[in-house]
Amino acid sequence: MLLLFTLILLMFTNLQLQLSMASSWPSLQESAATAKSGCQTHCGNLTVAYPFGIGVGSGCSRDASFDLTCNTTHDPPKLFIKSGNLQIFKISDSEMWITNFIAYRCYNQLGGVTDDIFAWTSLATTPFAFSQKNKFSVIGCDDFALITGTNGGDFSSGCFGLCGKPNDVPDGYCSGIGCCQTAIPKGLKTYNASLLSLRNHTRVVSFNRCGFAFLGEEQSFRFRGAEDLSNASEFHTRVQTMVHTVLEWVIESNRSCVEANECKGNSSCSDADIGGYRCSCNNGYHGNPYLDPGCKDINECDEEQSNIHCYGHCVNTAGSYNCTCWPGYTGDAKTPDGCRLINANTSKFPVMAFTLALVFGFVAILSGLIGVFFGIRKRKLNKLREKFFQQNGGVFLKQKLNAPGTSDAVIMFTTQQLRKATGNYSEDRIVGRGGYGVVYKGILPDKRVVAIKKSKLVDETQSEQFINEVLILTQVIHRNVVKLLGCCLEEEVPVLVYEFISNNTLFYHIHDRSGGMSWLSWESRLRVAIEAASALGYLHSQAATPIIHRDVKSTNILLDENYTTKISDFGASRLVPLDHDQVTTLVQGTLGYLDPEYFHTSQLTDKSDVYSFGVVLAELITGQKPLSANRTDDDKNLATYFVKAMKENRLFEIVEPRVLREGTLEQLQAAGDLVKRCLNLHGNDRPNMKEVAMELEGLKKFKTHPWDQQQTVHEEESRGLILEIEQSDLYEVPLIPYSSNEWESYSGSTTSMNFQESKPR
Ligand SMILES: *[C@@H]1O[C@H](CO)[C@@H](O)[C@H](O)[C@H]1NC(C)=O
Ligand SMILES: *[C@@H]1O[C@H](CO)[C@@H](O)[C@H](O)[C@H]1NC(C)=O
Ligand SMILES: *[C@@H]1O[C@H](CO)[C@@H](O)[C@H](O)[C@H]1NC(C)=O
Ligand SMILES: *[C@@H]1O[C@H](CO)[C@@H](O)[C@H](O)[C@H]1NC(C)=O
Ligand SMILES: *[C@@H]1O[C@H](CO)[C@@H](O)[C@H](O)[C@H]1NC(C)=O
Ligand SMILES: *[C@@H]1O[C@H](CO)[C@@H](O)[C@H](O)[C@H]1NC(C)=O
Ligand SMILES: *[C@@H]1O[C@H](CO)[C@@H](O)[C@H](O)[C@H]1NC(C)=O
Ligand SMILES: *[C@@H]1O[C@H](CO)[C@@H](O)[C@H](O)[C@H]1NC(C)=O
């Protein structure tokens, strides 16, 4: 119980913290207003706060004495007092650290002076003074230095650095042996330091050639003994970079707090002992006390703003905070484990009741907040999905599915399922791409491999038709028809899920010889043709609602791992608006298969599929592409080329050599005749699909030539072939522009042919 309680309290305080952090963002930025608006606040990594201002005469500072220069030619940029040579390394609310000038004097073996540099700095035109944190230091074994200066009056002092031999010099502190330090008076405004020697270093020159004197921050200088005495250049460099001179800065050195009254809200003024005054934020406040609106309260309960730790209940107050133990506890909440349980006997009931009330209160608030946070996001997503679902006809589909007598074969996949199956529609899962959309290879959680087709945008009026298609297709169960497993309507576009057919398209097997299509014997061709024809015949007559495929072509006939034929890609063509048929079909690149009668009249019948199938048959017999630029102008179209050859009695000239070898003359002649009838320009004169299937079946019964039997390739051998799928409608067959005259030039091609009885060799 207690554990739960503390847990909830912790969660709540965390939450509160996060909320207050989020809401305190703007105010944090406000309090960051350290300078006047429009003024530069940074020079390199130094922050310059008002009353200082960057830019001489820029108006950013309180007055000219606080003008600074930021020289950006240096990298990193350097900050200087006014436009002088006093570089600033750090500024605090009452001090600043500037360049330390070092005086030195060096001697040669004979006591001759080789270098003599004195050091002086003047702060006369500023309200600043040298801080007493500085010490005047003299380093050397035969040196004394004088420092003279002004602090309202004149000041002078000196210090001796003497030693006999290096061993005498203590390492680490300034004792007077080799190193001497002296204090300076407060309010020192200028100084001038110079070195002198007793014996011109003649006795110590072997280990100490130079003497040094400087005014610098005592705590940042550490004397290293004999090492510092012997290596002058190293010593100079080290002191120059490590030891800075500390200044105190005040506002108007000739006025006091009483006269000035300059400090802004929640800050107070203090007179400086060097003259002048400073403002500082009151305890519990922070900000810039010189700029309106003054200092702001520190939220001690916010760990971002303060380093105070409260182990109980923290309440921020103006300028302070209350840190108390949680109800039911007593003690010091500011120390860890400072709180202990109030003796249970004294006030058992109220504490328990209060605790319970708190627990339930917090639980309610928490769950409310969590609900709001996650609810908003989820609801947005769900709304979008629902919108797509409706736009894609999901409601209609549901109605249909709920109607009695419909199969439950259609699976409604969710967006997440399909995204997971396709690795979020990742590029490397794409197995085909084309006019209708993109096909991905997907793996369902039950390890089933599926083809997932994501259609292009469908307009809303098409959705019912699309749903109808889906419904019909899920009810078409034929071993030579690709099975539609389900769909997803929650996506922006409908997504269809098919069984995955692994062995590429018939087009690929006929025309792409690189794979070595040894299985594609005449016998296999006949089998594929029969399977495809019977599937189409079934669709035309036996399926619950006749289905016209409308896009029969060798790229829409797939082969599975056993080289079983699978007709694919029905529904998709129905997604296309009827009045846009031609356009879309042309774009799809199935020109070579298009029924010319349908092309002219737009009257779609099952005979259009027969025509297209005739072209596929012609492909199987000749091994030629439906459209080929290799053939001469008039013969580009395989259909016209084939019919012309039949008319001219040249069928055996265009049959593929292997087919010619393996098929009998009777078979080939009958097949050629069947193709010719399928390609009849008048749909009514074409056989229907069932008749085509039956005639093809009949061809199988023709006897094969005895000498061809050994040549028949065993299909088993080629079963191991693994080819990548290229999804049917997504094949891009090159387009050759067509004039409608070409169709007409072959009208009346139904005259019967005289076949030669002998097989040409
Ligand atoms: C500024 O940068 C220097 C080195 O570039 C570093 O030594 C110094 O500590 C930095 N100062 C601040 C206030 O970050
Ligand atoms: C900045 O420093 C460079 C190099 O020391 C000097 O030449 C230049 O005059 C300086 N610019 C200003 C504005 O002080
Ligand atoms: C500082 O003192 C040295 C030596 O006493 C003298 O030469 C120099 O002029 C003085 N400099 C100033 C600015 O007083
Ligand atoms: C030290 O050198 C200065 C000038 O070089 C000279 O006037 C002085 O006499 C020398 N003192 C000694 C003790 O050699
Ligand atoms: C002085 O110190 C520097 C750097 O530590 C070193 O390179 C140089 O050799 C030293 N010189 C002498 C004379 O010891
Ligand atoms: C303080 O000094 C400034 C210049 O340093 C001068 O303008 C001002 O009149 C002085 N104020 C008083 C009260 O002496
Ligand atoms: C001091 O700070 C408190 C809390 O931030 C604020 O309400 C108040 O107005 C401030 N006082 C002045 C004089 O600005
Ligand atoms: C802070 O604590 C003091 C004494 O513990 C109490 O008088 C005061 O009301 C508390 N203030 C708030 C804001 O809780």
Side-chain angles (χ1 to χ4, degrees), residues 80-87 98-126 128-130 134-169 171-172 178-180 182 184-185 187-216 220-243 245 247:
F80 295 93
I81 293 179
K82 295 189 176 170
S83 51
N85 61 344
L86 289 175
Q87 192 190 342
I98 63 162
T99 314
N100 167 22
F101 290 101
I102 303 167
Y104 59 93
R105 204 172 196 221
C106 297
Y107 303 84
N108 60 23
Q109 307 287 357
L110 304 170
V113 176
T114 56
D115 297 285
D116 189 5
I117 305 294
F118 66 88
W120 67 274
T121 303
S122 172
L123 302 174
T125 59
T126 68
F128 315 141
F130 294 102
N134 298 306
K135 284 273 151 54
F136 181 62
S137 306
V138 178
I139 284 87
C141 279
D142 185 15
D143 300 277
F144 71 92
L146 284 177
I147 178 166
T148 59
T150 55
N151 61 335
D154 284 337
F155 152 78
S156 61
S157 182
C159 212
F160 273 95
L162 297 172
C163 74
K165 49 187 191 295
N167 285 351
D168 298 344
V169 184
D171 187 2
C179 175
C180 167
T182 183
I184 56 164
L188 185 67
K189 302 280 277 186
T190 63
Y191 76 85
N192 182 358
S194 56
L195 282 151
L196 288 168
S197 179
L198 290 178
R199 297 194 182 87
N200 292 349
H201 277 241
T202 45
R203 292 194 182 175
V204 294
V205 74
S206 61
F207 62 93
N208 178 220
R209 280 200 332 108
C210 304
F212 293 92
F214 60 88
L215 185 68
S220 57
F221 173 66
R222 181 177 169 274
F223 179 55
R224 290 183 184 168
E227 184 190 331
D228 276 348
L229 295 172
S230 60
N231 198 329
S233 65
E234 199 227 343
F235 177 79
H236 188 269
T237 312
R238 179 165 65 89
V239 171
Q240 189 80 83
T241 52
M242 304 292 293
V243 186
T245 304
L247 305 187

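We count residues from 1, following the sequence as given. Remember, it's 1-based here, ligands and their atoms both numbered in the order they're listed.
- The shortest heavy-atom contact between Tyr104 and Leu195 is CA-CD1, 3.3 Å.
- Protein heavy atom nearest atom 12 (C) of ligand 4, with residue, atom name and distance: Asn200 ND2, 3.3 Å.
- What sits closest to atom 13 (C) of ligand 4 on the protein, heavy atoms only, is Leu198 O, 3.8 Å.
- Within 4.0 Å of atom 2 (O) of ligand 5, at least one protein heavy atom is present.
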Handout entry: Check against side chain to side chain contact (heavy atoms under 4.5 Å, CB included), Thr121 and Thr245
Key = CA-CA 10 Å; Thr121 303; Thr245 304; over 6 Å; no
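- Under the 6.0 Å cut-off for aromatic ring centres, Phe221 and Phe214 qualify, their centroids lying closer than that.
- Within the model, atoms CZ of Phe128 and CG of Leu123 stand 8.0 Å from one another, a figure rounded to the nearest 0.5 Å.
- Among all protein heavy atoms, the one lying closest to atom 11 (N) of ligand 3 is Asn192 ND2, 2.7 Å.
- Interatomic distance, Phe101 CZ to Asn85 CG, rounded to the nearest 0.5 Å: 4.5 Å.
- Here's the thing with Asn231: one of its N/O atoms is less than 3.5 angstrom from an N/O atom of ligand 5.
- Under the 4.0 angstrom criterion, atom 7 (O) of ligand 4 counts as lacking any protein heavy-atom contact.
- Note on ring orientation: taking the six-membered ring where Trp is involved, the planes of His236 and Phe212 are tilted (angle from 30° to 60°).
- Nearest to atom 9 (O) of ligand 3 among the protein's heavy atoms is Phe118 CZ, 4.3 Å.
- Looking only at protein heavy atoms, the nearest one to atom 5 (O) of ligand 4 is Val113 CG2, 4.2 Å.
- Closest protein heavy atom to atom 4 (C) of ligand 5: Glu234 CG, 3.8 Å.
- Here the CG-CG distance, from Asp142 to Leu162, works out to 6.5 Å after rounding to the nearest 0.5 Å.
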